[in-house]
Amino acid sequence: MWEEEMCIISGDNRSWQDDNSPKTVIELWCRAKSGHSVLVLVNGLRPYLEIFDPNTQSDSPMPTLSLDKVEQLKEVDGSLELVGEKLFEGEIKKFWRVFVCETWSVPKLREKIKKLGWGVTSADINFAQRLLLDCDIGPHVNIVGNVLWAGERSPDEAKNQNNTNLKLAEENINKIGGAGLYPVDMIISCTPDSLKRTSPFPTPFVIFSFDLETSIKNNKILCAAAVIQRNNHRTEHTFTGDEKSIMEGLTNLIREEDPDIITGYNIDNFDLPRMKERSEAIYGKKKMKLSELNGWGRVPLIENETKRLLPERRQNRVWRIPGRIPLDAWWQARQTLRPQRESLRYVSQLLWPDDDEMHKLDIDSSQMDREWEERPEEVLEYCVRDTIIPIDILNKLQSIGRKEALASVSMTTVDIAATATTSWWIDSLVIRLADRSGIAIPMTKSGPRRSDQIAGGYVHEVEAGMRPWIAVLDFKSMYPSIMISNNICSTTLVRNKENNSESDNISPTTKTRYISSTVRKGLVPQLLEHLMTSRDKHKEAFKKANEEGNEEQAFLQDQLQYAVKILMNSFYGVFASSFYRFTDPKLGASITEWARYNIKEIIRQLDDEGKHVVYSDTDSIFVQAPVDNEAPTSKPNSNETSIDLWNDAKTTTLDFGEKLASRFSKEGAELEFETALSAFFSHGAKKRYVGRVVWPREELLIRGYEVRRTDSFELLRETMTDMFELILDNQSWNSVEMTKTVIDDVKSKKIPASKLVISRSCKGRWDSKNKQWSFDMYSNENLPYVRAAKERIKLGLSFTPGMKVGYIVTDASSSPMKVKSWLVDELDSPPPDYDSEYYAKRLAKALGRITEAFNWSEKELLSGSRQQSLFDF
DNA sequence: GCCTCGGAAGTC
DNA sequence: CTGGGACTTCCGAGGC
């Protein structure tokens, strides 16, 4: 027997026969808290689905339906089991459990049963996930089991004669349904009841990062590098020679080192597909041979397992490598950093601006064949560096810790937190609770679908110009709070008029009814309430750990509270979507309805009292504080006399904000005083504003404007930021002068082209028929960024669908405008010559929108002189 | 040259 | 197979 704490990375299942009776074993790939990897084989759970008679609520099904016919289907294992009554779409029905011989036959079986007239539930739940649901565990578990195999890296105490003997171990593994000797440190077997939940800990994952350098002439792999990170220690490996030995080398390394996470830069769209393509170029469809080159799945290297050995791309997006997690550093950087451009060079410059070693550009990747021929050592060095940086990126962004925290709070395996979508996380919590509350689990896509959009949040009209001293108030977790306080859930939605009750919660406009929480608390409100308190607990634990100087604990608690926040915010989206189980178009509509009602009601009350609401978007309100008009809006120096006035204004605003917050907060709709602004400016468009924040910290707050957009350019971002600084300091005249200077500079080409790069993401698909990139999803391919992407491809540079493509406008006088792709990050080539008129115009247009508020138009900015009107005299 | 429209991307 | 809606801006095309 062996007992240990570990983290479940991924799960799968396989069918096997025990004395001619069908069995299904669950495989859990884990990393022990103490560092070694473990494969856990769990026997004792039978896959099933549940059926009911959709036509009746009575005790027995209609006579036309036959339980026998279901039982006789060849996919069914043994006799049906009566489950009892469950709630399904507001009605109580009687349910039977149908056991299934093999999990992979469920889709077919579902259809057969539906054809017999039965309704089907709990019929699309992943079986490994079922184990987590039934045992009520998350990724961090304590496991007690028998050791079947103890390899080199397993703890000495786990080793004995039986389990270190290869042949004997293999026999024992096969005897209980395992596939053979999995490439892990240790293999154990257990039953579901020996899996127990433990508190989360940071798992010492083993990470593998790799990079291929390939020929542009013939796509062949020239060389490769890999880095393994284990216990904060890194080892570097390089691979040269013929393609076959390079790929074998990488594969052997993975099978020996047994990493949990596979990373690299742009592996999803480049390295992984290239491995597949090149190995198939050598061995065609010979699966076993392919596995020698690319068998990265965490399963035995045997004929039966070739399907799981080879990495596979699901629905053209995420890669699946059974037992391991593919985690592309490019995608992580893109999601968390939202960089202007996405090349590895650009991102590493962004993250480590002072470390030249990390982003020096010594290899011309567009001339890789020549470089490889002339200076292979430098190419290898470059290749190694490009495997190290992705790990550094993941560390810097704390990507892995965040995935693990998300897995922990959503109680899924780490791979689901890392690669799946929001509906999987929500499923994990919702199904768990529904199973324990006598509520049936409908299939996805099964509920009523909506045809038109549901109305969203309310956005208040904003006037152009400056407003002094503003208190900004925010509803805390608005949508989740509304779901809790009004008990909004598919399990509480009143579907029939006959069931109306006086205690129902009724939505303000569509008058949708929900059973009061005093009668029955809804499933989702229950979960959300639990998440709310758990977030507060993590926040508290974070605070405490910080005070005690326990850095590791503080870090963990912060990750956890953040993960809970992400998870809570995902609920609304899933329930407002048209495909999720437990959904109804009415739910999403009711949530936003109450939200609009609440916020408009507050605005109305403030208006009635003569308090000026300057702006509001969905869950925030900007209110002008009752501050003396003389008070300065820009902070005076501490020795100036006006500093007292400024301080008074600040105190008044803080006081005002706090009073509003407590006055309008009620049960289930907590209004928080978020920030105080000494000045607020908008040119009069919704979702676009700037504020000078004076509390709780001092900063410039810019929303929506070009400053934040990637399809703007550096010079515009800089100039607009400077302009806002001046405007908020009441120096609008100076700001106009400054702007004119910049426009003049660009006109006379004094500005370097690097400040004029515009970037936009570009779609595209690989047309395997014609062996070229296609952009036929655009009704008009004549767009600047599409043309820039085509130019990149032509030059032999990498292109990934969805990547941000940078370009410079070289001539806007013709239609369509002429552009040149920006390649300086990657090729060290000279920058293109830009169309100064175009950039001057775009600056004038964007900045003119703002100066318009002070009566300086776009034209005046461009011409350099202000036209005086009659009123100026 | 000016205007309108629809497609697309981006941000909140 | 799949979180949502509101809103702004830019570009190309086409009409006059």
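Letters A, B, ... are given to chains in the order of the sequence lines, protein chains preceding strands, and every chain is numbered from 1.
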J.: Base, sugar-phosphate, or nothing: which does A/Thr710 touch, judged by heavy atoms less than 4.0 Å apart?
T.: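 The residue A/Thr710 makes sugar-phosphate contact but no base contact.
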J.: Assess whether a salt bridge exists between A/Arg692 and A/Glu725, defined as any Lys/Arg side-chain N lying under 4.0 Å from an Asp/Glu carboxylate O.
T.: yes
J.: Could you encode protein contacts along nucleotides 6-16 of chain C as a string, one character per nucleotide from 5' to 3', using B for base contact, S for sugar-phosphate-only contact and - for no contact, with a heavy-atom cut-off of under 4.0 Å?
T.: BSSSSSSS---
J.: Could you tell me whether A/Lys763 contacts a base, only the sugar-phosphate backbone, or nothing, with contacts defined as non-hydrogen atoms closer than 4.0 Å?
T.: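 Sugar-phosphate, backbone atoms only, no base.
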J.: If you pin A/Ser779 and A/Lys804 to their nearest nucleotides in DNA chain B, which one's is more 5'?
T.: A/Ser779
J.: Give one of base, sugar-phosphate or nothing for A/Tyr778, where a contact means two heavy atoms less than 4.0 Å apart.
T.: sugar-phosphate
J.: Check every strand shown and say whether A/Arg596 touches a base, only sugar-phosphate, or nothing at a heavy-atom separation below 4.0 Å.
T.: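 Touches nothing.
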J.: Below 4.0 Å from chain A heavy atoms, what is the first contacting nucleotide of DNA chain B and what is the last?
T.: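 Boundary nucleotides touching chain A, in 5' to 3' order, are B/dG7 to B/dC12.
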J.: Would you please name every residue forming a salt bridge (Lys or Arg N to Asp or Glu O under 4.0 Å) with A/Arg334, sequence neighbours left out?
T.: A/Glu342
J.: Return the value, rounded to whole Å, for the distance between atom CD of A/Glu593 and atom P of C/dG5.
T.: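 Computing the A/Glu593:CD to C/dG5:P distance gives 15 Å.
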J.: Do NZ/NE/NH1/NH2 and the carboxylate oxygens of A/Glu706 and A/Arg849 come within less than 4.0 Å?
T.: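 Salt bridge flag = yes for A/Arg849 with A/Glu706.
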J.: Rounded to whole angstroms, how far apart are CZ on A/Phe575 and P on C/dG4?
T.: 14 Å
J.: In whole angstrom, what separates A/Arg581's CZ from C/dC1's P?
T.: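 Distance, rounded to whole Å: 13 Å.
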J.: Salt bridge (Lys or Arg N to Asp or Glu O under 4.0 Å), that's the test. Do A/Arg604 and A/Glu601 meet it? Break it down for me.
T.: CA-CA 5 Å; A/Arg604 191 190 58 77; A/Glu601 187 55 27; 2.7 Å; yes
J.: In residues 472-479 of chain A, what donor-acceptor pairs under 3.5 Å come from side-chain atoms, sequence neighbours left out?
T.:
none

J.: Can you confirm whether the side chains of A/Ser682 and A/Tyr615 place a donor and an acceptor under 3.5 Å from each other?
T.: no
J.: Could you state the CG-C1' distance from A/Leu587 to C/dG4, rounded to the nearest angstrom?
T.: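 It works out to 13 Å between those atoms.
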J.: For residues 415-423 of chain A, which side-chain N or O atoms pair as donor and acceptor with protein atoms under 3.5 Å away, sequence neighbours left out?
T.:
unit_1   : atom_1 : unit_2   : atom_2 : d
A/Asp415 : OD1    : A/Thr413 : OG1    : 2.5
A/Asp415 : OD2    : A/Ser10  : OG     : 2.9
A/Thr419 : OG1    : A/Asp415 : O      : 2.7

J.: How about A/Thr800 and A/Asn266: does a side-chain donor come under 3.5 Å of a side-chain acceptor?
T.: yes
J.: Name the nucleic acid region contacted by A/Ser570, choosing base, sugar-phosphate or nothing; use a 4.0 angstrom heavy-atom cut-off, strictly under.
T.: nothing
J.: How is A/Gly704 classified with respect to the nucleic acid when contacts are heavy atoms under 4.0 Å: base, sugar-phosphate, or nothing?
T.: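 Sugar-phosphate: the residue A/Gly704, judged by heavy atoms under 4.0 Å, touches backbone atoms but no base.
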J.: Indicate whether OP1 or OP2 belonging to C/dG3 is found under 4.0 Å from a side-chain N or O atom of A/Thr421.
T.: yes
J.: Just the rounded figure in Å: distance from P of C/dG3 to CD of A/Gln335.
T.: 12 Å
J.: For residues 419-431 of chain A, which residue pairs pass the salt bridge (Lys or Arg N to Asp or Glu O under 4.0 Å) check, not counting sequence neighbours?
T.: A/Asp427-A/Arg581
